[in-house]
Structure formats: structure tokens, C-alpha cells
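What follows is a single structure, written as C-alpha cells, with notes after it.
Lettering follows sequence order; numbering is per chain, from 1.
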There are 2 protein chains.
Amino acid sequence: MKKTLAFFIFAFLTLVLTCQELKSPNGRFSLNFEVDNGKAVYWLNLDNEAVIAKSSLGLELKDKESLLENFSLENTETKTHDETWQPVWGESSEIRNHYNELAVGLLQTNTDRRLIIRFRLFDDGLGFRYEFPEQENLTYFVIAEERTQFAMTGDHMAFWIAGDFDTQEYDYQTTRLSGIRGQMKDAIRSNTSQTPISETAVQTALQLKTDDGLYINLHEAALVEYSCMHLELDEENLIFESVLTPDAIGDKGYMQAPRTTPWRTVIASKNPGDILLSNITLNLNEPCAIEDTSWIKPVKYIGVWWEMITGKSSWAYTDLNSVQLGITDYSSTTPNGRHAANNENVKRHIDFAAQHGFDAVLVEGWNEGWEDWFAKSKDFVFDFLTPYPDFDAEMLRDYAASKGVVLMMHHETSGSVRNYERHMDAAYQFMVDNNYTSVKSGYVGDIIPRGEYHYSQWMVNHFLYAVTKAAEYKIMVNAHEAVRPTGLSRTYPNLIGNESAKGTEFEAFGGNTPDHTTILPFTRLIGGPMDYTPGIFENDVSVHNPENNSYVNTTIARQLALYVTMYSPLQMAADLPETYEKHMDAFQFIKDVALDWDKSLVLEAEPGDYVTYARKEKGKDRWFVGRTNDEVRRVSKIRFDFLTPGKKYRAIIYADASDAHFKTNPKAYAINEYVVTSKARLTQQCAPGGGYAISIDEVKNKAEAKGLKKL
Amino acid sequence: MKKTLAFFIFAFLTLVLTCQELKSPNGRFSLNFEVDNGKAVYWLNLDNEAVIAKSSLGLELKDKESLLENFSLENTETKTHDETWQPVWGESSEIRNHYNELAVGLLQTNTDRRLIIRFRLFDDGLGFRYEFPEQENLTYFVIAEERTQFAMTGDHMAFWIAGDFDTQEYDYQTTRLSGIRGQMKDAIRSNTSQTPISETAVQTALQLKTDDGLYINLHEAALVEYSCMHLELDEENLIFESVLTPDAIGDKGYMQAPRTTPWRTVIASKNPGDILLSNITLNLNEPCAIEDTSWIKPVKYIGVWWEMITGKSSWAYTDLNSVQLGITDYSSTTPNGRHAANNENVKRHIDFAAQHGFDAVLVEGWNEGWEDWFAKSKDFVFDFLTPYPDFDAEMLRDYAASKGVVLMMHHETSGSVRNYERHMDAAYQFMVDNNYTSVKSGYVGDIIPRGEYHYSQWMVNHFLYAVTKAAEYKIMVNAHEAVRPTGLSRTYPNLIGNESAKGTEFEAFGGNTPDHTTILPFTRLIGGPMDYTPGIFENDVSVHNPENNSYVNTTIARQLALYVTMYSPLQMAADLPETYEKHMDAFQFIKDVALDWDKSLVLEAEPGDYVTYARKEKGKDRWFVGRTNDEVRRVSKIRFDFLTPGKKYRAIIYADASDAHFKTNPKAYAINEYVVTSKARLTQQCAPGGGYAISIDEVKNKAEAKGLKKL
């Protein structure tokens, strides 16, 4: 009897000792970790129901014994953390970082090597990462593949884009997990640089929805000095496993202990708005590393851009077949007469920006080299310093300054990364000398050094290098075609934007799906803001360029909504000034909308269908509401209970007209003003591909509210 | 009859028109070019005997029709060039550039593309290159392989090293062409970074000797923005064909017309000295691109180096397993007590240098990072700025300055090239701030970006970038493990040296063959000077480090000779000061030997056996003679007819003692002084692995010559 009892006590203790449970602060999530037959496994429950089923952890190493098995649990450490911090800019002015943490120390018994896995459980989800402590038997190692699993509890619906080592510019697909393979072919469209991974690999952030109405989101946070992760689906077992981006020779990461990996994140809730508002990604990043952030400010801008994207104008100054920087004498070439980045046109944009309260004017095509920048694998493709003959940087700097505006720099690298780094200091100094406070960078085309991929460890290192060096020059960075963000802007708030998904430009390359912007907040925006560059008021691209029959799949009202639903501290009114001049009433919303927020709420959300946000402008009692709608005619029903009770506000609602339709009647919108209080409700029709935008200001005196309808 | 005549006239004209002949200025060489069945072919004769048999030309392109066939001769252009130019430093103070040139314009009829092949025929050999003129149908193209042939006229003797995309640090093999395959396995010894090409590929410069006693040398000149060439032997037909170094994805070159390739060179003579003294390589390079070259001067230096190479001392300050720059706090680490680059030791070297008239002291291991620099594929491996705690850069700068000496910088990159480029401006500025006038750079280990090779187009671009940027800072560069030189120092005379072959360091890694330095002038030195770092007076490495049983396969007398036979504007006395202090009589030659020359002559030469040079110091009536000897005891017989007739000179001969032997009695040397005139002759025994060195000064007055024997 004693022996049996002893045995059971021992077994129980062993079980207790090897099976670790961590609960979230509110007790609803439970993270379980165990060493199961020498393998490290975890699973995640919410309200006692499985979110992630038993999943294994570890890494496959090159030319060394892997870190996959023969583990024993050596020690554990738990702690709790609760702080509130203020981001330099963001969807809220205060962010609470509250988690319970469990760090498990594993010993790989046959190699005497140690691995730590650290779990942080928040009230809305989980983050975990691997840590390689300083130790004798593991210092330098090469990752052949990370083998982190996320075992699904069913054949969930997934909102996904095809896994690819070079591009994120694919349309989102909505299928069950079992439908990924069958859909993959259609999911991959031609791109200037692409390396599809497999028939069942997808990118993160991945949004899922179970049949029980649980929303699950998988992503990573703090991607630094490591390769970007994709997810490969094991269809038979419905398990996702990490796939890292390789380098030119197939290796997935070069590590030197002591080091940590990025965090892998699982956000989960039955309320889709919780996914959108989760701060897990930011909270898992390091605090701000920049001492003086006074130079980092949100930017509302217009640009010499859409006219080139549509094909109306040219980035290039000439129609030469090819050029050689420093050798081609542009002053003696024949201009093609379509170069948009010329002094007169830029001044016109500066005037418009100044007139309407914009901070900056982006100018693309200002510099020598655009004649042959694209798809030539040209190493010395730009020098980022030498303007075309019709662009006078100093004159325009001074002209802009006289109007209280700055120009926004453009650094298209063409993927020629060594060339960019060689010129970077001089290019940033040129910016400082000419009053540029921010730069839009681009990485269109295959990476040079040839063989590298956009999302490899090598390139992840480069993207951060560009940001940290920019900070030395007090420059803000908006990196297009760069790796998707993972919350790094907490640490480097001068990283004010990325593209890293299909943006508005694709509306001129064939169009985005009408539901595209109802998915992006659940996927692309989980890691950070997107420079989506909305504000297109003219859907028919052939109006600008008869040879381009693209159509912008949106109503005007929905374009306005995007300034609220697509959170970004950097917002562009992307269309041409002359187009806006035809709709100055609608344009007013773009002028009014704030860029930085005290608070953000999700009023309605369903991935793939609609998203409605309400946001309070930082430091003011001013709110903005935006709704983006998919291709189905829907009715939005919201309450204004986010307003301060007892106060009167004036709401201006920019909505689809009742007969609006993104395809047949996109420009039909109605603007109505109301007086509202916190008790108000709105029932609003949303057209297919439509939506609405609302600006809400305090009523300061009775006269303001006079004559307005009550909502 | 008329028809037949017409036919013959037509055939003759066709033959004449498609078969082009070019003669050298002295008429002895004849270069023939022909379009043969649509293929471009050439052959080279000397005195009507074949040097290069019929060989085809062209390039294989990727994803495009190749430039190999369907050619027709469209036009030809000939010219003659004759100039004399003065190099900033060199084996002569004046170089004549005299050639006849033929440029053949080819039209590829089925693609309407044009290719020019330009031939320059000198009195000692041929250079030719491909040119891609600006044209509609060929602008951007990728080279899959260059297909330049050098058809051999027999199974010649060859002095070769194994073809390799990453290293040139192999022992020279002496075999017939048919013996290359059988010897290849032994030809490849372990190296920190190596990528052998095939069983029959060799590197350039390749030295050949026919059974008729004709010496032929194959190399390239002006390797710029192109991949380095190796030679693959077709054993059946005895034809060498070019093999370019690939990039990470196997491509061999990215080109944008208008462009030219490097020159492919064939030097030939029955007199081996003509090979050594040929100026073809320099003459085919662009003239000096640096306006003010006053800061470029030859450098005679010693160094804190050999003690680490032998293993006596350490580059690293500590014995830590690994470090992280900027994080590891060296001030709180335990020094290993063997760090050679410490203030006291450097000062001692500065004192020695000053005492003996040396310009500079190389110091390796001065900077943080040496603990884990090697074979870890570490990206951020050095910052080139931060000294170890025991190296005070400013103090040592001032101390050296007070003694009229400078320190020589060391930039070991560990092959981490992006890291080097990121730090390069700051690193060069640090040099300027601390009085460093020259830098020895190194690329030990596999290249990062991983997948690239040391001799790819990408790396060739980097090596030149380092040199041109150095010139902006008025810095001279001596690049080790870089691509072999190809005469670029005509254009960039601040490139004062390369290693790029097995140098003296390998004497401490197992020893070089005793005949190594009798081959190097025919191979490695064809393209430019080598920082061979001779001057080892203590053969037994275990004297410095009991755990290293390497042996330096030389006599002391031969070490002195190397300062004459291994031309370089940069010369090191590589051994330890305390070793020199035991042989100050022999050391005197090193102190006296000049570094820059008015004139150079080859008195005796046979590749693999011996080389004897006589050189006249620039601007003085002062000569130095040096003989390096292989493993056979030989007798050297030279005349002093290079001296000015009618004048008396004092010759100091440093020779092997009669019983000297590199293995058994290396330190036995005899120093004798003589008075000589231009009529003098010398018969001198050379020990196995031995040689002699002679310094010859004008006798200014009778008293100097008093008591001296006459030679």
C-alpha cells in the first residue's frame, strides 16, 4: 500500500513537475507546457476550450544535433508584469502591458545544451520565444529550420495569402484550412519578385475563425536579426509549422548565443474586435530605444505619385533605353515631356498641400535612374542624390518651407541593397540638408545580392539598419516591399509605416477585391500600420491613362472610411489634386481626420465582411468613425456610447448614397450633419464596396447645433 | 576562264576580308582572326610558329541567344599606339606602351546584335577583350559562361595551382597539361575558404613552357566589374577554356551595354625574363585615375604579426569563447596575457622601426573581436574602430610620430563584407585621425553574403570599392585574400599590394616548398606586386611556439634575395626584432634595399628553378641583385654589365655559405664586399632553398674602395 501510494505521489509530482500551467491575468487563458518523451510541447486553452492543440517546439540545426528532442525540464521561473506605457504615436495613448510569464529551462541531456522557452500570457493571447543562453556547448549555430507547431483544433476558416519569400502582394483568400491547397494556384498572381513556398504555405499574420466563432490570429513579434516566419500546413493533422525564409544557400539563420528568437503570437477571442485591438505585438517588443522622439510626428501627405501609377505620367525624365549614372548627361538628353516630378508640378502640389493643411508632398521620380530601374537586376541603379534637370531640390525646399510644407523623400532601391547602403549616409544627409523629414523607401524586384530573399535574416537586418541609421539623422521611414512589421515601431517609432501587402497602387494594376480592406486589419495590420494610401475619388483609371483599364473597386465614402479603419500615423490623400477639387465636400473629411489617437474602439467587425472603428483624437474630445464594407450590401448599426455622456457633439456623416455601388455608382455619396450625444444610434446602409466616415466634434455653443437634425 | 578567275578573286577577297591578320610592332607576332562558319576564332603565332592554335571566342548568355555563332564580320578598325608613361611606383620608372590594334566588329545575323573583339598586339604578347556597344537588341544580359579558348599547341609543362572560386593559397604544381588531372587531388590542401572547381581547372596567371623552349603566360588584365576567370582544360584537345566565378545562384556576370570585359592576355617569349618583365598587364589598364598621387609612397615595414602567426602570441586579448561587440565589456574581462598588440610591445616595435629606418609598424589584433573572428560566419565580427583595453591608439600615434614612424592599420573582415562596407568610412576616418597611411585588409573565411565567392563579380566590385574609397581618404591598400591583381594599380596606384597566393605565413602553417618563390614571379606577380612578407631569419617555428613544428624552407640569404626577386612597393621585414638582433649584419641588406625602381632586369630565370633580378633604385646610381633558388644546389653566373661603364661600385654580396642548406644549415651565410665595374662577373653557389642578395653602390671616392677585393 505504501509503495503504491509512493508511486502515485511520485507519478503525480513528476506530472506536476514536467507539466507546467500558466494562466492569463484574468484566468481565462491557460498555457500548458510539457516535456513529452523528451520533446517540448505546449497547448493553449481559452475558457477551458482548446485554442491550440498539443503542438511541439524546437529547432533543427545544420551540421549539429538538433534542438528537438532528448529534453528534460531543468527549471522553471514565473513572474507577473504589469505596466502602462505611452507610445510616441498609436491607436491609443496608453497601453497596458499585463502578462503572466513562465520560462521553462530545458536541458538536452545527450548534448548537455540548454534551451529556454519563455511564455507570456496576456488576457487576449499568448506570446512565446526561444532563448539560447550563454553556454559552453552551444554558441554558434545555424538554423536549418525552426519547428514550431500551431496545432489547429479543426478545419477552421482562414484568411490567408500564399506563403512567399519575396512578396506579400497577394489577394487574401478565404477558405477552410483544407481548401488552401486547392486555392493556392489562384492565390499566386504575377509579381515583380516572388518565390512561392509550397502548395500549403501561408504568411502571417494569419487570421482564423473556428466554427464555434472563436477568432484566432497567428503572427510574430520583434522580428530582429532573424528570418521571417511563414506557416506550412500539415493537412492531414491540421497542424501549422513554422517555415523560415532561407538565404542564398538554403540556411535559415545564423545565431550566436546568448540570443533569443522573435516571439510567436496567438491572439484569440470570440470578439473579433479584440483581435484588432490587441496590443500583444507591441507589448512583446522592446521599449522605445530613441531618447529624443520630439522629431517623430504623424504625417498627412499628398504626392506626385498616382499619376505615374496610373500611367498618365512618367517617373523617368527621358525615354532612353538605359542609362549609366554619372555618365549619362541628362542635360543633353531629350525629355519625354511626361516627367511628373518637375518643378512646376511639384509646386502645384505644394500649393495644394499648403492650402488644405497637409504636412508633406511625396515626390517620386525626382532622381536620375528611372529609365531602367525595373527588372534589370541593375546594381548601381540609383544614387539617391542626383535630381533630374527639371527638379530643383533647393528651390523646392525653400518654396515648400515658405508654405509651411515639406517634401517627402523617395528612395526606390530596386532591391539593390548594397548600393542603397553605400549611399545611405549621403542620401540621409541630403534629406537633412533639404528639409525632408521622412522617406518612403522601396524594394521592388529581386534582391541583390542575388540569391537573397526579401524576408531573410540578411534582409531583416538591412531593414532595421535603414531605420536605426535614419534615426541618427532624425528621419522617419516608410518602407515599402519590406518585411511585414512585427511591432518594431515600439522600439523604433521613426518606423512610421510599411506597405508589405497589396495597397492602393494595385487598384491601378487590375484592382483590389472589394473586401480587401475588411481583411487587412486582421492580417497585415496586426504587426503595425500600413501605408495603404487611400483617398481615390476617380475609379476609372482610363480617365488618366486611356491604355489602363483598371478600376478602383470602392465607393468614395469607403475611401474616406479607410483613414479610420486602416490605422496609420502616415496617411496619404493619394489622388490627384484636380480630382479632389471636384469633390471638395468629401475631401473635407480627409482634411479633418486625425492621425494619432487617445483611444480606439471596434464597433463592428467580421473579417472579410466589414470593419467599423471609432477613434478619439489624441488630446481632444473629437472622434472619428469609419466603416469599410465588402461586396455585399449591408446595414451598419452602431451606438455612439463612446462619447462623453451629457455632452453634445456635431457629427458629419459621409456615407454611400442609397443607390451607390462600387462598380456602377461609386461616386454617389451623401453628407449629412447631425447633433449627437452618447445616446445616439446610427443605422446606415453600406453599398457593396462601400462604407462611411464620420467626424464628431464637440458642440461648443448652441449656435453650432442650431438647425441640425438630431441622430 | 573569266568566271573561274572571278570566282578565285571573290574567294580570295572573302578570305582576305574575313581573315584578319595583325602584326606586332616588331613584326614577330602575328594575330589572326577569322569568322569560321559563323564562329569567331583567333590564333597567335610568334616567328611563324604557333603559340595559340585556332581558338574560338564568345559568350554563353542566360535566357537569351548566346554570343557564340551566326557571326559575320561587319567591319574592322586598326590603329597603332605608342606612348611612354611613368607609373607612380614600379619596376621601372618609364613604361612604353606600344601596340598594334585590331578591332573586329561582328554582327550576329539572326539576332541583329553586335559584338566587338579588340586585339592589341605588343612585341611580347597579345591582349584581347570583348566589347558590347550600345545597341537596341542587347542592353542588359547575364553571362552564363564566357567561352574564350586558348588552344595549346602541345602537352606543355605547366606551373599551376588548382582552380578555386575562393582561394589562391595552394602550392604550385609542375606537370604537363596531361598530368593536371592526376595531380589535382594533391594540389588541393585544406583552406579556411575553398571551392575547388573541377579536376582540370587551374587559375591564372598560368605559366607554360613548351618542349621547344617557348614560355607562354595566360592571364587577364583590368578585372573590373566582372567575374574572375579560371581556365578549364579540355584534355583531349588540349584546349583551355575560360571559367568565370559564379555568384550564389550560378550566374557569371551581370552586364549592361555599353561595356567591355577585362583583357585576356597571352605573353610569349623564348626568353623567360621577357615574361617576367612584360608590361602588357599594366599597359592594358586605364591610366592613373588619381589626380594627386603625392601621398602614395612605398612602405618598408615591420610588424606585430609573426609572433601570432607562429602561435607564440595571440591576436585576441582574452580567451573568451565568444564576444558581442558593444556588449562585451573588455575592461572587466581577464586578459590572456598573450595579447601581442599591447602598448609596450608596439612601442618596442616602433623603437626598432625608427632605429632601423622603417616607415611603418603593422599591428594586428589591436581591435575588439578577435576571440571569435574565425570560421563562425559571424556577421558583425569587427567594427574596425574599437581598440582592446591595452592598445591606446592616440598615445601610440603620437609616440610613433615622435620617432618618425607610423602604424599600419589592419582590417581583417573575416569575409563579412557588408559589415566592412558599413564601417568603412568611419574606419578610414579613424585611420586619418590616427596617422595611419596604409591598411592591410583581409578576407579570411567564406564570404558573407553567404553563397558568394571571393572572386565573383560582386566581390571584384567590393575590392575596388574599398580601394577607391580609400583614395578619397588618401589611404593605401594592401588587400589579402582578395582577388588576384590584374594590373589595376596603374589606375589606382594606392592599391600597393595584395597577397592572393601562399605567402610567408604558410611557412608557419607547414612550410612552403623551397621552389615556391621561383614560380611566383611567373604566376602570381604577373598581375601585380605581392605582399610576400619575407625576412624570416629563424626557420624553426617551435623556437617561438613549442607546439608548432613548422619549418621555414629557406636559407637566410634567400630571404634577403626575396626583397629583390619579389617585386613590391610594400616590403615587410617579417621576423621578430629580437631575431634580427642576432643577425644585424644580414639585416643590413633589408635596411638598405630600395622599394622603387628606375629599371629592372632579369639576369637568370627558369620557372620552378631559379630567378635572378637586378634592379636600379629610382633616382640613384644604386643597384640591387637578388637570386632565389629551388631545392637543387646550383651555380649562378651573372654579369654586372648593367652598371654604368667606366664607374666603380662597391658590391656587398650576402650569399649562402658553401655548406648552407635550407633544411640542415639555413643560417650559414657569408657577407663579402667587392669593388665592381660593368665588366665584373660573378659565379656564385646557391644552396638548396637558397640564393643571394647584392647591394651595389657607386664608389664616391678612392678611400671607399680601398682594401676591397675586385670581383
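Among Pro258(B), Gly451(B), Ala257(B), the residue with the largest count of heavy-atom pairs under 4.5 Å with chain A is Pro258(B).
Neither the backbone nor the side chain of Ile327(B) comes within less than 4.5 Å of any heavy atom of chain A.
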Output the donor-acceptor atom pairs between chain B and chain A under 3.5 Å, with atom names and distances to 0.1 Å.
| from | atom 1 | to | atom 2 | distance (Å) |
| --- | --- | --- | --- | --- |
| Thr139(B) | OG1 | Asn321(A) | ND2 | 2.9 |
| Tyr140(B) | OH | Asp372(A) | OD2 | 2.1 |
| Gln256(B) | NE2 | Val323(A) | O | 2.8 |
| Gln256(B) | NE2 | Asp372(A) | OD2 | 3.4 |
| Asn321(B) | ND2 | Thr139(A) | OG1 | 2.9 |
| Val323(B) | O | Gln256(A) | NE2 | 2.8 |
| Asp372(B) | OD2 | Tyr140(A) | OH | 2.1 |
| Asp372(B) | OD2 | Gln256(A) | NE2 | 3.4 |
| Arg418(B) | NH1 | Trp458(A) | O | 2.9 |
| Arg418(B) | NH2 | Asn461(A) | OD1 | 3.3 |
| Glu421(B) | OE1 | Arg422(A) | NE | 2.8 |
| Glu421(B) | OE2 | Arg422(A) | NH2 | 2.8 |
| Arg422(B) | NE | Glu421(A) | OE1 | 2.7 |
| Arg422(B) | NH1 | Asn461(A) | OD1 | 2.9 |
| Arg422(B) | NH2 | Glu421(A) | OE2 | 2.8 |
| Arg422(B) | NH2 | Asn461(A) | OD1 | 2.9 |
| Trp458(B) | O | Arg418(A) | NH1 | 3.0 |
| Asn461(B) | OD1 | Arg418(A) | NH2 | 3.2 |
| Asn461(B) | OD1 | Arg422(A) | NH1 | 2.9 |
| Asn461(B) | OD1 | Arg422(A) | NH2 | 2.9 |

